[in-house]
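The next block holds one structure in the form of structure tokens; read it before the comments.
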Amino acid sequence: MSAEYKHEPVLLEETVNLLITDSEGLYVDATVGMGGHASKILSKLGRQGKLIGFDWDPEMVNISKNNLSSYGDKVKIIGSNFSAMEEVFKREGIINISGILFDLGVSSLHFDKPQRGFSFKHEGPLDMRINPANPLTAHTIINKWPYEQIEHLIRICGERFSHKIAKHICERREKKEFETTTELKNLIEEIMPRTSRKSNPATKTFLALRVAVNYEFENLTKGIQKAGQFLVPGGRMAIITFHSLEDRIVKETFYFMARMGGWKLITKKPISPNESEVNANNRSRSAKLRVIERIK
Ligand SMILES: C[S@@+](CC[C@H](N)C(=O)[O-])C[C@H]1O[C@@H](n2cnc3c(N)ncnc32)[C@H](O)[C@@H]1O
């Protein structure tokens, strides 16, 4: 692992045990991050078994290459959005995969690095891009999007006070543009007293910005569709989500696939971390794992 930052892989044993059905197969980690899940998968593969890891963030590509270097040519890391996996597989001549994992969202490194702008706990620029080449930033959304679009975005991400928050953002930016995570967090805290909630009142607005900046729902829907075409019969897709909106997309898509035929739900109900994992890693508390298998 990177000496400076650490990411604790979530639901590690459960995920890897359900994902691997053929130890000599080709596996894809669509969100390789620091390589925690990938390393566990690789450690369970036989002589022929291989893993391809994707990450959209060039920084994570370097970290995972370094962390997984001891596996030599059993692993290949690709800097790409997983929604473009079809083109990558065509380029690499890949037609059959035995399992694919999506561990969604961002890594602890993203939250812990103030300059990436993901967290209201650290002062940083309003950025939130997983890939710094992405033209859209949280700064653009907060300072340029019209009221209606901001209100809609934070409402669909579960914020009950979306009107109030969007209205105050638009009023405040008339006087001075927002530059930092702290400016935005402070405004939300000022208008929404903490007493009404358990978590910070800026939580859902920050989540909504991250989802929009990185097209997270679009990527997820496309990723599931693309991955399905490359799985061999008996191959599995495992998805770990961290909030209810993502989980709803996965649940509905998996149920739809099972109803259409050719797919079997392996987890009828999602798997959540046990108490000891949540105590050891607070970030895991909202994780949900769902798995589906291709049957023909
Ligand atoms: C929760 S972390 C994965 C952690 C990883 N399982 C581990 O054990 O280290 C999610 C990772 O997915 C990457 N990511 C997010 N969206 C992506 C996308 N659309 N395509 C490829 N990678 C993406 C992020 O950069 C981040 O490194």
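Quick caveat: nothing in here was measured; it's all calculated off a predicted structure. Along the sequence shown, the residues carry numbers beginning at 1. We count ligands from 1, going down the list as the structure has it; atoms in each ligand are counted the same way.
With a 4.0 Å cut-off on non-hydrogen atoms, L101 does not touch ligand 1 at all. Contacts between S80 and ligand 1, counted as non-hydrogen atom pairs separated by less than 4.0 Å, involve the backbone only. When non-hydrogen atoms are compared, ligand 1 lies under 4.0 Å from the backbone of L104 (N, CA, C, O) but not from its side chain. Residue-level proximity to ligand 1 for M34 is carried by backbone and side chain together, each with a heavy atom below 4.0 angstrom. The residue K222 has no part lying near ligand 1, judged by heavy-atom distances below 4.0 Å.
Counting only residues at least two apart or in different chains, ring pair (Phe, Tyr, Trp, His ring centres under 6.0 Å) contacts with residues 206-251 comprise F89-F230, F120-F206.
Hydrophobic cluster membership for V278: none, as no Ile, Leu, Val, Met, Phe, Trp or Tyr side chain comes under 4.5 Å of it.
Between W56 and ligand 1, at least one pair of N/O atoms sits closer than 3.5 Å. For ligand 1, the polar-atom distance check finds an N/O of G36 within less than 3.5 Å of one of the ligand's N/O atoms. Polar contact check, H37 against ligand 1: a nitrogen or oxygen pair lies under 3.5 Å apart. For ligand 1, the polar-atom distance check against F82 finds a nitrogen or oxygen pair separated by under 3.5 Å. Checked against a 3.5 angstrom limit, the closest N/O atoms of F242 and ligand 1 fall outside it.
The closest side-chain donor-acceptor pair between N200 and E189 falls under 3.5 angstrom.
By heavy-atom distance, the residue among N67, D55, D57, T31 lying nearest atom 24 (C) of ligand 1 is D55.
Applying the side chain to side chain contact (heavy atoms under 4.5 Å, CB included) test between L187 and each of I142, I165, I169 identifies I169 as the sole match.
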